[in-house]
Trainee: 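Dumping the structure here so I can ask a few things about it.
Both ligands and their constituent atoms are indexed starting at 1 by order of listing.
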Amino acid sequence: QIVATAICRTDEHLRQGCFPDAEFPVIPGHEGAGIVESVGEGVTSVKPGDKVIPLCQPQCGECSFCLNPESNICQKSHLCKPQNLLPDKTSRFTCKGKQIHHFLWISTFAEYTVVPEYAVAKIDAAAPLDKVCLFGCGFSTGYGAAINTAKVKPGSTCAIFGLGGVGLSAVMGCKAAGASRIIGVDINKDKFAKAKELGATDCINPRDFKKPIQEVLTEMTGQGVDYSFEVTGHADTMIAALASCNMSTGVCVMVGLLDSGSEISIDPMLLLTGRTWKGTVLGGMTLKKII
Ligand code: NAD
Ligand code: ZN
């Protein structure tokens, strides 16, 4: 039984057709928390009444990725094979006799859902479900992008493009890692107050400047930031985020999801000088270990 679910932009990307393997009609939602209502035969890790978080990135515990402590992706994830139907190739949702597809096996925009055992994690019985549902994607992704993927160092300078739920969590991760300057970048200035409350030291709107935002950030910081995070899901901001980190040791983390079929073209010199460009899924978190 799903008790709480949050909305992440990835659900909107699904609606817009950014997942080439997705099938419609579908029940989206992948950031939820609930209570086990019943279990199938052979299920041992959860029992009725347990509070749980469904995992949009499953953890089968058996594939070569799951067995690699440096990886947080499972080969049963949608990234490796579509999860539009449950592993037994059936759907548990119908509407007026018509089959409805699952999303990432968890479809949390439903009052009840059915998930494989390896796509659910038991949590503390006292956990407030309306808050911990954010561990299912947004918070883990942004916070983990800073802590696990970028490995932000104390005293460093960071720029976060996009101050939605995921970007704000990246701000929190940078702050927790001890960054001394955290610059929030968003075209919506209404996001700035919350970002500053959570640790951003400066907030800028690219639309307030005539020059490209990467030039603005480079001027603000001397050589560019130490770590940049793209959390909007646009190709142009991916390039701007990459160019905003310093040419020698700068690390840029790609968090935002691009439209299916998008391609990015960059000047190779951006990487040749030493910058690192990385991507992240769920901020490198293996949720069964942290919740
Ligand atoms: P959101 O819509 O809540 O926030 C996006 C923010 O970006 C908004 O504040 C918006 O004003 C801002 N923005 C839009 N265009 C901009 C631009 N050109 N320059 C600066 N700011 C701009 O989205 P969210 O739920 O926080 O998700 C952010 C992205 O992260 C999405 O693309 C989502 O799919 C992706 N995501 C990736 C993972 C992962 O595992 N890699 C996990 C979760 C979400
Ligand atoms: Zn998400």
Trainee: Going only through I, L, V, M, F, W and Y residues with side-chain contacts under 4.5 Å, is there a path from V185 to V231?
Mentor: no
Trainee: Measuring from atom 18 (N) of ligand 1, which candidate in L257, D11, D190, T237 has the nearest non-hydrogen atom?
Mentor: T237
Trainee: Is any side-chain N of the basic residue among K122 and D50 closer than 4.0 Å to the acidic one's carboxylate O?
Mentor: yes
Trainee: Between H102 and F93, is the gap from one ring center to the other below 6.0 Å?
Mentor: yes
Trainee: Return the option from V281, V255, V253 holding the heavy atom at the smallest distance from atom 35 (C) of ligand 1.
Mentor: V255
Trainee: Can you pull out the closest protein heavy atom to atom 38 (C) of ligand 1? Residue, atom name and distance to 0.1 Å, please.
Mentor: T141 CG2, 3.6 Å
Trainee: What residue and heavy atom of the protein are closest to atom 4 (O) of ligand 1, and at what distance?
Mentor: G164 CA, 3.3 Å
Trainee: Centre-to-centre under 6.0 Å for H78 and F19, is that the case here?
Mentor: yes
Trainee: Which bit of I187 is near ligand 1, meaning a heavy atom under 4.0 Å away: side chain, backbone, both or neither?
Mentor: both
Trainee: For the residue pair C8 and H30, establish whether any side-chain heavy-atom pair is separated by less than 4.5 Å.
Mentor: yes
Trainee: Within the structure provided, determine whether I160 and I182 are in side-chain contact (heavy-atom separation under 4.5 Å).
Mentor: yes
Trainee: Nearest to atom 10 (C) of ligand 1, what protein heavy atom do you find, and at what distance?
Mentor: D186 OD1, 3.5 Å
Trainee: Check each atom of ligand 1 against the heavy atoms of G256 and keep those under 4.0 Å away; list them by number with element.
Mentor: 29 (C), 30 (O), 32 (O), 35 (C)
Trainee: Using a 4.0 Å heavy-atom cut-off, which part of K191 comes near ligand 1: side chain, backbone, both, or neither?
Mentor: side chain
Trainee: Check whether any side-chain heavy atom of F65 sits under 4.5 Å from a side-chain heavy atom of N72, and report yes or no.
Mentor: no
Trainee: Indicate, with yes or no, if L282 and L168 share a hydrophobic cluster defined by side-chain heavy-atom contacts under 4.5 Å among Ile, Leu, Val, Met, Phe, Trp and Tyr.
Mentor: yes
Trainee: With respect to atom 32 (O) of ligand 1, which of M254, K194, E12, H13 exhibits the smallest heavy-atom separation?
Mentor: H13
Trainee: Assess C56: does it contribute an N, O or S atom lying under 2.8 Å from the Zn ion (ligand 2)?
Mentor: no
Trainee: With a 4.5 Å heavy-atom cut-off, do I123 and V132 have their side chains touching?
Mentor: yes
Trainee: Angle at the Zn ion (ligand 2): provide the value between NE2 of H30 and SG of C8, rounding to 10 degrees.
Mentor: 110°
Trainee: Between G165 and ligand 1, is there a nitrogen or oxygen pair with a distance under 3.5 Å?
Mentor: yes
Trainee: Give a yes or no on whether the backbone of K191 and the side-chain of D186 come within a donor-acceptor separation of less than 3.5 Å.
Mentor: no
Trainee: Measuring from non-hydrogen atoms of C137 to any atom of ligand 1, is the shortest distance under 4.0 Å?
Mentor: yes
Trainee: Of the protein's non-hydrogen atoms, which lies at the shortest distance from atom 26 (O) of ligand 1, and what is that distance?
Mentor: V166 N, 3.0 Å
Trainee: Closest non-hydrogen protein atom to atom 22 (C) of ligand 1, residue and atom name please, with distance?
Mentor: T232 CG2, 3.5 Å
Trainee: Out of V231, N72, I213, T10, indicate the one that has the non-hydrogen atom closest to atom 34 (O) of ligand 1.
Mentor: T10
Trainee: Among all protein heavy atoms, pick the one closest to atom 7 (O) of ligand 1 and tell me residue, atom and distance.
Mentor: G162 CA, 3.4 Å
Trainee: Just by distance, no angles: are the side chains of S248 and N246 close enough, under 3.5 Å, to form a donor-acceptor pair?
Mentor: no
Trainee: Going by the atom numbers of ligand 1, which of them fall below 4.0 Å from some non-hydrogen atom of H234?
Mentor: 14 (C), 15 (N)
Trainee: Short list, please: which atoms of ligand 1 are under 4.0 Å from a heavy atom of T280?
Mentor: 39 (C), 40 (O), 41 (N)
Trainee: Rounded to the nearest 0.5 Å, how far does OG1 of T249 lie from OH of Y227?
Mentor: 7.5 Å
Trainee: Quick check: do Y143 and C174 have side-chain heavy atoms less than 4.5 Å from each other?
Mentor: no
Trainee: I'd like to check which ligand 1 atoms, numbered from 1 as shown, lie under 4.0 Å from a non-hydrogen atom of N188.
Mentor: 11 (O)
Trainee: At less than 4.0 angstrom from any non-hydrogen atom of L282, what atoms of ligand 1 do you find?
Mentor: 39 (C), 40 (O)
Trainee: Closest non-hydrogen protein atom to atom 1 (P) of ligand 1, residue and atom name please, with distance?
Mentor: R9 NE, 3.7 Å
